[in-house]
Each structure stands twice: as C-alpha cells, then as structure tokens.
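Note sheet for the following structure.
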Amino acid sequence: MTVHDDAVQRYFAAWNAGSTEELEKAVSAAFTEDATYTDPMADVRGHDGLTAAISGAQAQFPGFDFVPTGTPDAHHGLVRFTWDLVSRADGSAPAAGFDVITLAEDGRISSVSGFLDRLPGA
C-alpha cells in the first residue's frame, strides 16, 4: 500500500467513525493538527473543526457511509478520489463528490478541497 492509499483509507475511516471517541482518534490519525477542510458547505481548520464537520454530516445522514468509488489518482503529495454517500439500509446513494487532499511529510492530510457532484433534492 502506498502512502496515498493509506491516507485515503484513514480519510474514510474518519468520515465513517462510529462513536465520538472513535471519530476523534480517526481524525487525529488522518489529519495534521492544523489541517483544513473546504467544500461548498464547510470551511474548517484543525481537529476540532474537522470533528464538528464530520459529526454534522453524520447527524444529517444517519445510517449512511462514505464509500470510495473508482481508483484514487495521486502524484507527489496530492491525491484525488471520488466517493458516494451510501445507505446501509437500501444501498441508495443520494450524494456523491470528489475530494483532493494534500499530504504532509508524515503522510497525514494537511488540506482537503471537496466538490459535490450530487446532492439530495438538487
């Protein structure tokens, strides 16, 4: 597994973490302390901001998981990948998007630029 693949796996582990404690540990493992996350609905910095943004998405979509689609594309310290938000109950995927992450020297994510391709009701 490459450093890029590892970072993507840790990213999804954070977005799909169960308990608050699990989420905080996953965010610490995936992101640098001053990491930024920006998409059309959020613009946050640091572990607390990331934890709040992820918790908010989980509260908005209970019973859903963020699932990678396709194969990540990477070079240097950059990775881009696509994802679907998938219901555990029926497999529906009301939201989809792609993210571009920048990796720090230690392999953790220092920034995320997110783009939404499909939203519920849009």
Do Asp90 and Ser87 have side-chain N/O donor and acceptor atoms under 3.5 Å apart?
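Short answer, yes.
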Cut-off 3.5 Å, side chains only: do Thr69 and Asp84 have a donor facing an acceptor?
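No pair is found: no donor N or O on one side chain lies under 3.5 Å from an acceptor on the other.
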Where do Gly107 and Ala7 come nearest, in terms of heavy atoms and distance?
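Of all heavy-atom pairs spanning Gly107 and Ala7, the closest is O-CB, 3.8 Å.
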Taking every non-hydrogen atom, the tightest pair across His4 and Leu78:
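Heavy atoms of His4 and Leu78 come nearest at CD2-O, 3.8 Å.
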Close side-chain approach of Pro120 and Phe61, heavy atoms under 4.5 Å
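Yes, at least one pair of side-chain atoms sits under 4.5 Å.
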Full working for side chain to side chain contact (heavy atoms under 4.5 Å, CB included) between Phe64 and Val86
CA-CA 5 Å; Phe64 285 78; Val86 178; 5.6 Å; no
Run the side chain to side chain contact (heavy atoms under 4.5 Å, CB included) test on Val8 and Val79 for me, step by step, so that the C-alpha distance in whole Å, both residues' side-chain angles and the decisive distance to 0.1 Å come before the verdict.
CA-CA 8 Å; Val8 171; Val79 187; 3.7 Å; yes
Are the ring centres of Phe115 and Trp83 closer than 6.0 Å?
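No, the ring centres sit 6.0 Å or more apart.
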Is the distance from the ring center of Phe66 to that of Phe12 below 6.0 Å?
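That pair fails the under 6.0 Å test.
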Can you check whether [Y]'s main-chain N or O pairs, donor with acceptor, with [X]'s side chain at less than 3.5 Å?
X	Y	value
Arg118	Ala93	yes
Glu22	Ala13	no
His47	Thr32	yes
Asp106	Arg108	yes

Quick test of your reading of the model: are Arg45 and Glu33 salt-bridged, counting only N-O distances below 4.0 Å?
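Result for this pair is no, no salt bridge flagged.
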For Arg80, is there an ion pair with Asp99 - N to carboxylate O distance below 4.0 angstrom?
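No, no charged N to carboxylate O under 4.0 Å.
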Please assess Ile101 against Phe81 for the test side chain to side chain contact (heavy atoms under 4.5 Å, CB included), listing each intermediate value before the final yes or no.
CA-CA 9 Å; Ile101 61 176; Phe81 53 89; 4.0 Å; yes
Would you sort out whether Thr2 and Asp5 count as a side-chain hydrogen bond (donor to acceptor under 3.5 Å, both in side chains), showing the intermediate values?
CA-CA 5 Å; Thr2 69; Asp5 294 328; 3.2 Å; yes
